Amino acid sequence: MSKLWGGRFTKETNKLVEEFTASIEFDQQLANEDIEGSLAHVQMLGECNIIPQEDAEMIKEGLLRIQKKIASGEVQFSVEHEDIHMNIEKLLIEEVGPVGGKLHTGRSRNDQVATDMHLYLRTKTEKIIQYVNDVQEALLLQAKEHVETILPGYTHLQRAQPVSFAHHLLAYFWMFQRDKERLQDSLTRINVLPLGAGALAGTTFPIDRERVAEILGFDGIYPNSMDAVSDRDFILEFLSSASIVMTHISRLSEELVIWSSQEFQFVELDDSFCTGSSIMPQKKNPDVPELLRAKTGRVYGDLFGLLTVLKGLPLAYNKDMQEDKEGMFDTVKTLEGSLTLLAPMIETMTVKKENMYQAVKEDFSNATDIADYLVTKGLPFREAHEVIGKIVLYAIQQEKYLVNLTLDEYKQFHSYFEEDIYETLDPRQVVAARKSTGGTSQDQVRQQIALAEEKIK
Ligand code: ARG
């Protein structure tokens, strides 16, 4: 079968070159978008009398029949026709005859492929926003159950100050909220139409780009034809937003791995989300969060791959740009898979609140509170810090926690100590006292939950 661009050539393409330059193996994923774009283009061609109305109709019907055939798996794509665009055009000409050759009037594969990618990422971005929202719902569900559950809060992975478990989970809720907002915002740049830019310079035909944008539901058109065909910023932006989503997933996954270890035992992941060992019968491994953590790497790789492809490319279209697709597909697949697993895994995990509470009882994470206690009695904070540091050292040497020291012992360090110091030391009180806006007190956390509920409505 001859090439659509064969006229100028005197020799057959080398078979290896044909395989090396073809993208059909992966860009067939864009078949629906390609047909959608063509349907809009041909409708406009007819409306603007660039081709006869009846030809436009025949082409449209032919495209719809091809779409059905592709969906039912009847179609065999061929490497000989390089990519999805020429495969479909070839199929169209077979389907409706030479009139099919009018579809490509006033268009190039350069503006066509860019349009396909915009359509594809619009659908996928909207879907991914929904999946992020599902993860937020799962976090919120657990948060509501655990406002009163207290665990050590960490800095440097050293116990710092006790916090409500809901507060800890909600920190992730807000990360995912920013992810959603970032993706939502990127839609304003995704939802712009490149079609009508031609190969790079526009076209001699009296096309109506605004009409095509309207049919395809785009908010606007690219004002510069050269930018339209060579812009891949919207994909870079998607990949970087995706990388940030994966960073959040990875951090949360790391905590789940730590929390479900024998050493912590703060949560237990549901059996249906874990796997066993082929040799050690006792094992229950957190494979899912481990893989989520690892898959972050490939998404970063996809971002860096495309950044590297694009750097130094002269205007306008270059074949290099064909390399924008596999990484994008890979990131979409990774993100969809990761988010849809994360939500039910969070929802079904068991939170071991007794173990969490036991941990806060056996640490010095209330030390800041006795420093604050002295401050409320009039001591400058820096001095109070020094006094409590000495008390902590003393307690460690005595193998005691702060609650186990007697009032006499406290008084040896400072005369301001009274009986009420013991109320201050209670972990529940330590949490409740952090009432500042956005703090971990149970009241603040309840307000935060109300705010979070607003965001996912
Ligand atoms: N398969 C190509 C790509 O994905 C389509 C555009 C080809 N344009 C060209 N002038 N060779 O980039």
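Remember, it's 1-based here, ligands and their atoms both numbered in the order they're listed. Note that the structure is a prediction, hence the values are computed from the model and not measured.
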Using the side chain to side chain donor-acceptor pair (under 3.5 Å) rule, collect all pairs that involve residues 328-337, keeping only residues at least two apart or in two chains.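 As it turns out, the side chain to side chain donor-acceptor pair (under 3.5 Å) pairs with a partner in residues 328-337, which skip direct neighbours, are K124-E336, R298-D330, D302-T331.
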If I take atom CD1 from residue I88 and atom CD1 from residue I84, how far apart are they, to the nearest 0.5 angstrom?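 Nearest 0.5 Å value for the CD1-CD1 distance: 4.0 Å.
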Look at R251 together with E254 and state whether they make a salt bridge at an N to O cut-off of under 4.0 Å.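 So R251 does not pair with E254 through a salt bridge.
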How about H118 and F234: are their ring centres within less than 6.0 Å of each other?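 Yes, close enough.
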Per the side-chain contact (heavy atoms from CB on, under 4.5 Å) rule, which among L103, L39, V96 passes with K60?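 Between K60 and the candidates, side-chain contact (heavy atoms from CB on, under 4.5 Å) is satisfied uniquely by L39.
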Check step by step if ring-ring contact (aromatic ring centres under 6.0 Å, His included) holds for Y120 and F329. CA-CA 10 Å; Y120 173 85; F329 292 141; 5.2 Å; yes
Could you go through ligand 1 and list every pair where one of its N or O atoms sits under 3.5 Å from a protein N or O, giving the atom names and the distance to one decimal?
residue: ligand 1; atom: 1 (N); partner: S23; partner atom: OG; Å: 3.3
residue: ligand 1; atom: 1 (N); partner: D83; partner atom: OD2; Å: 2.9
residue: ligand 1; atom: 1 (N); partner: Q322; partner atom: OE1; Å: 2.8
residue: ligand 1; atom: 4 (O); partner: K325; partner atom: NZ; Å: 2.5
residue: ligand 1; atom: 8 (N); partner: N110; partner atom: OD1; Å: 2.9
residue: ligand 1; atom: 10 (N); partner: N110; partner atom: OD1; Å: 3.1
residue: ligand 1; atom: 11 (N); partner: R109; partner atom: NH2; Å: 3.4
residue: ligand 1; atom: 12 (O); partner: Y317; partner atom: OH; Å: 2.5

